[in-house]
Amino acid sequence: MTAAEAGHPAGTGTFYGCRHTEATAPPPETGPFGGGALPAARRTAHDLLDRLADWCPARTSAGTFRLVPVELPRDLQLITRWMNDPAVAEFWELAGPASVTERHLRPQLDGDGRSLPCLGVLDGTPMSYFEIYRADLDPLAESYPARPHDTGIHLLIGTGTHRGRGLGSRLLSAVAGLVLDHRPRCTRVVAEPDLRNTPSVSAFLSAGFRFSAELELPEKRAALMVHDRAWRALLRPGHTE
């Protein structure tokens with residue numbers, strides 16, 4: 001991986017904020033996973049993440065990628081199926097009936113917006129699950145020197161057909177780029193994968209995150225991974241001293 005690839009999310013794509021014209025932005029998606037704003041009744045709950053539901057998609061080498069906030073009951077069975085995949089269940093520990101998945105999702109969906117579960121939708125197909133959360137407002141902040149507006153990422157790839165070919169690192173790069181493009185007060189994107197989950201740790205490293213520390217968390221021993229806004233800017237292609 002070159003320095004340019006490490007510093008420019010995803011090293012493979014360009015990120016499109018809503019300021020872009022229709023001529024340069026990816027075409028809008030259609031269908032149930034095409035994105036779009038949250039209903040007005042739920043919109044204010046997501047100000048803590050700068051209205052993530054309104055973020056525009058990212059174009060990557062794998063296709064057009066969008067974060068779509070989870071809706072129940074539309075997405076419950078799909079996410080439940082993913083949680084019961086043995087490779088996912090080993091680390092998420094949410095295998096079981098749909099009620100187990102719902103108990104995990106419901107506090108986020110009904111909360112104050114500090115954590116938002118999303119489908120990762122690639123070219124119109126939901127194929128991954130993300131949780132975007134305010135790490136500085138999370139219990140995680142007690143375990144590392146958090147900064148205001150630190151934004152955290154949890155990720156799972158839904159099916160085995162999408163694993164083992166570098167797609168995870170491209171999606172992580174895309175999401176880190178979306179966070180930094182749409183959350184101007186955020187200076188760092190962080191993650192805390194289980195240290196035993198070497199494919200996950202490797203994906204974060206390939207996505208331009210750096211290993212910062214080992215954390216002893218209540219549920220696991222984790223690798224604190226950090227993607228710095230300043231580092232990203234410094235290593236963009238074409239940067240000069």
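Computed from a prediction, not measured in an experiment: that's the story for all the values here.
With contacts defined as side-chain heavy-atom distances shorter than 4.5 Å, the pair M225/P193 qualifies. When side chains are defined from C-beta on, H227 does not count as touching I153, because their heavy atoms never get closer than 4.5 Å. Between V68 and C118, the closest side-chain pair of non-hydrogen atoms is not below 4.5 Å. Taking 4.5 Å as the limit, every side-chain heavy atom of V226 sits out of range of all side-chain heavy atoms of V189. Residues V190 and F209 are not in side-chain contact: their nearest non-hydrogen atoms beyond the backbone lie 4.5 Å or more apart. Taking 4.5 Å as the limit, every side-chain heavy atom of R114 sits out of range of all side-chain heavy atoms of L49. Side-chain contact between P117 and L109 is present, with heavy atoms from C-beta onward closer than 4.5 Å. Side chains of S128 and L171 form a contact here, defined as non-hydrogen atoms less than 4.5 Å apart.
The salt bridge (Lys or Arg N to Asp or Glu O under 4.0 Å) analysis of residues 199-211, with sequence neighbours excluded, yields the pairs R210-D228. Listed by first and then second residue, the side-chain hydrogen bond (donor to acceptor under 3.5 Å, both in side chains) pairs involving residues 185-195 are D50-R185, Y133-E192, D150-R188, H154-E192, E192-K220, D194-R196 (not counting sequence neighbours). Residue pairs meeting the ring-ring contact (aromatic ring centres under 6.0 Å, His included) criterion with at least one member in residues 68-111, sequence neighbours excluded, are W92-Y129.
Going from atom CG of D75 over to atom OG1 of T80 covers 10.0 Å, rounded to the nearest 0.5 Å. To the nearest 0.5 Å, atom CG of residue L137 and atom CG of residue D112 are 7.5 Å apart. Between atom CG of residue L167 and atom OG1 of residue T60 there is a gap of 7.5 Å, rounded to the nearest 0.5 Å. The distance from atom CD1 of I132 to atom CZ of R183, rounded to the nearest 0.5 Å, is 10.5 Å. E102 contributes atom CD, which lies 11.0 Å from atom CD1 of I79 (distance to the nearest 0.5 angstrom).
P57 approaches T64 most closely through the heavy-atom pair CB-CG2, 3.8 Å. Residue L52 comes nearest to P69 through the heavy atom pair CD2-CG, 4.5 Å, listed as atom of the first residue, atom of the second, then distance. Across V201 and A223, no two heavy atoms sit closer than the pair CG2-CB, 4.3 Å. Closest approach of I157 to G168, counting heavy atoms only: CD1-CA, 4.3 Å. Closest of all the heavy-atom pairs between S143 and L217 is OG-CD2, 3.5 Å. Shown here for C56 and H182, the closest heavy-atom pair between the two residues is N-NE2, 3.7 Å.
Applying the side chain to side chain donor-acceptor pair (under 3.5 Å) criterion to D136, with sequence neighbours excluded, gives R134. Y144 meets the ring-ring contact (aromatic ring centres under 6.0 Å, His included) test with no other residue; sequence neighbours excluded. Considering only residues two or more places apart in sequence or on other chains, R81 meets the side-chain contact (heavy atoms from CB on, under 4.5 Å) condition with L78.
Placement of L224 and F204 in two distinct hydrophobic clusters is found when ILVMFWY residues are connected by side-chain heavy-atom separations under 4.5 Å, directly or transitively. In the hydrophobic clustering of this structure, L72 groups with M83; members are Ile, Leu, Val, Met, Phe, Trp, Tyr whose side-chain heavy atoms approach within less than 4.5 Å, directly or through other members.
Judged by distance alone, with hydrogens and angles left aside, the side-chain atoms of R229 form a donor-acceptor pair with the main-chain N or O of L180 at under 3.5 Å. A donor-acceptor pair under 3.5 Å is formed between the side chain of S169 and the backbone N or O of G166.
In this pair, F130 and F65 present their aromatic rings perpendicular. The plane angle is above 60°, beyond the 30 to 60° band.
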(request) Mind running side chain to side chain donor-acceptor pair (under 3.5 Å) on S115 and Q108 for me, showing each step along the way? (result) CA-CA 6 Å; S115 180; Q108 298 178 77; 2.7 Å; yes
(message) Run the side-chain contact (heavy atoms from CB on, under 4.5 Å) test on L140 and L215 for me, step by step, so that the C-alpha distance in whole Å, both residues' side-chain angles and the decisive distance to 0.1 Å come before the verdict.
(response) CA-CA 9 Å; L140 176 65; L215 302 180; 3.9 Å; yes
(request) List the steps and the verdict of side-chain contact (heavy atoms from CB on, under 4.5 Å) for V88 and R163. (result) CA-CA 11 Å; V88 173; R163 301 182 196 132; 3.5 Å; yes
(request) Give the intermediate values and the outcome of side-chain contact (heavy atoms from CB on, under 4.5 Å) for residues H149 and L48. (result) CA-CA 9 Å; H149 295 281; L48 287 174; over 6 Å; no
